[in-house]
Amino acid sequence: MTAGLAGTLLILAVQSPTVVTPASPRLQPSCAPAAVDTFELVLLAPGQPERVVATLRRTWAPSREGGAQVCVLEQHYSRSGSSDLDSSIVNAGTLAPVRYWAQVDQEIQRFRFSADSATGTVQAGDSTPRVVAEGAPSPYFLGVADLEVLRALPLAAGFHARFMSYNPPRGFHDVEVQVEGVDSIAVGGKTTAAWRLGYQAGGAPTVLWLRRDNGALLRSKSVLRNGAVFWRRRLGDVVG
């Protein structure tokens, strides 16, 4: 094999993402008792002042269901005059999804998951529930709990991974993440080293900053098609 060909194959090997699935030995899930994170969701539109569109409170705690150890993630979005809530239950050891419930405005979503399918109902007000049933193209995680998947990955310089995710009721999609570098993030007067991750899931290109020591999210930035920037930031964080 020539040196040039060997070098090309080495580059391709480095660039190919690692496929991660539930129960992958690369995952190191952690379900910290009564963990709580609070974020502001901020929209920066061109030529306009920043606007806080909601406050997000995330709680993450261990529990048991059907004799199995699970983790329960709840997300509470508070806006002026209204709020949304969703609850995700995943296997504590593998992060495989178990079930999901959400109230978004007047719509109720209920889903259950198996290794090869996602089934549920979506009901708006008093209307007849719409049944959703999809076969899984491959082992998958729950998109609503994607931060917990990222936190369980062995992040390091150059780390590049891909996994399948289900976002109820929108369906299955591929997620690709890559460590782009290390930044210093100042929150509440303290500076913290953070992994900077590129995140692609078929929507707005997103960058996330996760604490280097424990993988907790510090902030994220998504660039929308109209040029606006959507930030998820911790209280006390200033972005621009």
Side-chain angles (χ1 to χ4, degrees), residues 16-27 29 31 56 58-60 63-77 84-153 160-178 197-206 208 217 220 222 224-225 230 232:
S16 297
T18 298
V19 176
V20 179
T21 62
S24 168
R26 288 180 170 269
L27 285 179
C31 190
L56 167 61
R58 303 177 89 248
T59 63
W60 181 249
S63 185
R64 295 192 68 84
E65 180 162 317
Q69 188 72 28
V70 298
C71 284
V72 180
L73 165 67
E74 290 192 346
Q75 299 188 126
H76 187 186
Y77 296 85
D84 297 334
L85 176 66
D86 62 59
S87 178
S88 303
I89 298 179
V90 301
N91 183 282
T94 67
L95 298 181
V98 177
R99 61 186 177 91
Y100 172 79
W101 177 92
Q103 179 173 349
V104 183
D105 293 327
Q106 300 301 311
E107 183 177 272
I108 302 296
Q109 304 171 1
R110 296 182 176 90
F111 281 82
R112 287 192 173 273
F113 308 99
S114 67
D116 57 5
S117 67
T119 59
T121 59
V122 178
Q123 183 174 13
D126 296 329
S127 65
T128 301
R130 174 170 61 91
V131 177
V132 179
E134 295 187 68
S138 64
Y140 64 98
F141 298 98
L142 184 56
V144 188
D146 59 349
L147 291 181
E148 282 59 49
V149 177
L150 298 180
R151 191 170 186 168
L153 293 174
H160 187 191
R162 178 172 60 83
F163 55 88
M164 178 66 65
S165 185
Y166 183 77
N167 192 3
R170 300 179 182 88
F172 292 96
H173 58 272
D174 284 317
V175 177
E176 194 163 333
V177 296
Q178 185 163 16
L197 272 70
Y199 178 99
Q200 297 287 342
T206 298
L208 303 100
L217 178 70
S220 69
S222 301
L224 309 183
R225 291 181 179 179
F230 182 79
R232 177 172 38 179

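Along the sequence shown, residues are numbered consecutively beginning with 1. These numbers come from a predicted model, not from an experiment.
- Across Val177 and Val175, no two heavy atoms sit closer than the pair CG1-CG1, 4.1 Å.
- Taking every heavy atom of both residues into account, Ala133 and Thr119 meet most closely at CB-CG2, 4.0 Å.
- The local environment of CZ in Arg110 is sparse, with at most 12 non-hydrogen atoms from other residues, nucleotides or ligands closer than 6.0 Å.
- For the pair Gln69 (side chain) and Ser63 (backbone), a donor-acceptor distance under 3.5 Å is present.
- In this view, Glu107 and Gln109 satisfy the side-chain hydrogen bond (donor to acceptor under 3.5 Å, both in side chains) rule, not counting sequence neighbours.
- Pro139 and Met164 make their closest contact through O-CB, 3.5 Å (heavy atoms, listed as atom of the first residue, atom of the second, distance).
- Of all heavy-atom pairs between Leu95 and Val149, the closest is CD1-CA, 3.9 Å.
- Between Val144 and Pro168, some side-chain heavy-atom pair lies under the 4.5 Å cut-off.
- For the pair Asp105 and Asp84, the tightest heavy-atom approach, listed with the atom from each and the gap, is N-OD1, 3.0 Å.
- Between Ala96 and Pro22 the shortest heavy-atom distance is CB-CB, 3.9 Å.
- With sequence neighbours left out, the side-chain hydrogen bond (donor to acceptor under 3.5 Å, both in side chains) criterion links Asp126 to no other residue.
- Checked by atom type and distance alone, the side chain of Thr94 never pairs as donor or acceptor with a backbone atom of Ala23 at under 3.5 Å.
- Taking CZ from Arg58 and CG from Leu73, the interatomic distance works out to 4.5 Å, rounded to the nearest 0.5 Å.
- Listed by chain and residue number, Arg99 satisfy the salt bridge (charged side-chain N to carboxylate O under 4.0 Å, His left out) test with Glu65 (two or more places apart in sequence, or in another chain).
- At least one side-chain heavy atom of Leu147 sits under 4.5 Å from a side-chain heavy atom of Arg232.
- In this structure, the side-chain hydrogen bond (donor to acceptor under 3.5 Å, both in side chains) partners of Ser114, at least two apart in sequence or on a different chain, are Asp116, Ser117.
- With rounding to the nearest 0.5 Å, the separation of CG in Leu197 from CD in Gln178 is 9.0 Å.
- Listed by first then second residue, pairs satisfying salt bridge (charged side-chain N to carboxylate O under 4.0 Å, His left out) with a partner in residues 130-146 number zero, not counting sequence neighbours.
- Looking at Val90 and Val70, their side chains never come closer than 4.5 Å, going by heavy atoms from C-beta outward.
- Put simply, CG on Asp86 and CH2 on Trp101 are 9.0 Å apart, with the number rounded to the nearest 0.5 Å.
- Phe163 pairs in a ring-ring contact (aromatic ring centres under 6.0 Å, His included) with only one of the listed residues (Phe141, Tyr199, Phe172, Tyr140), which is Phe141.
- Every residue was checked against the side-chain hydrogen bond (donor to acceptor under 3.5 Å, both in side chains) condition with Arg225, not counting sequence neighbours, and none meets it.
- Distance alone, capped at 3.5 Å, is enough to place a donor-acceptor pair between the Gln123 side chain and the Ser127 backbone.
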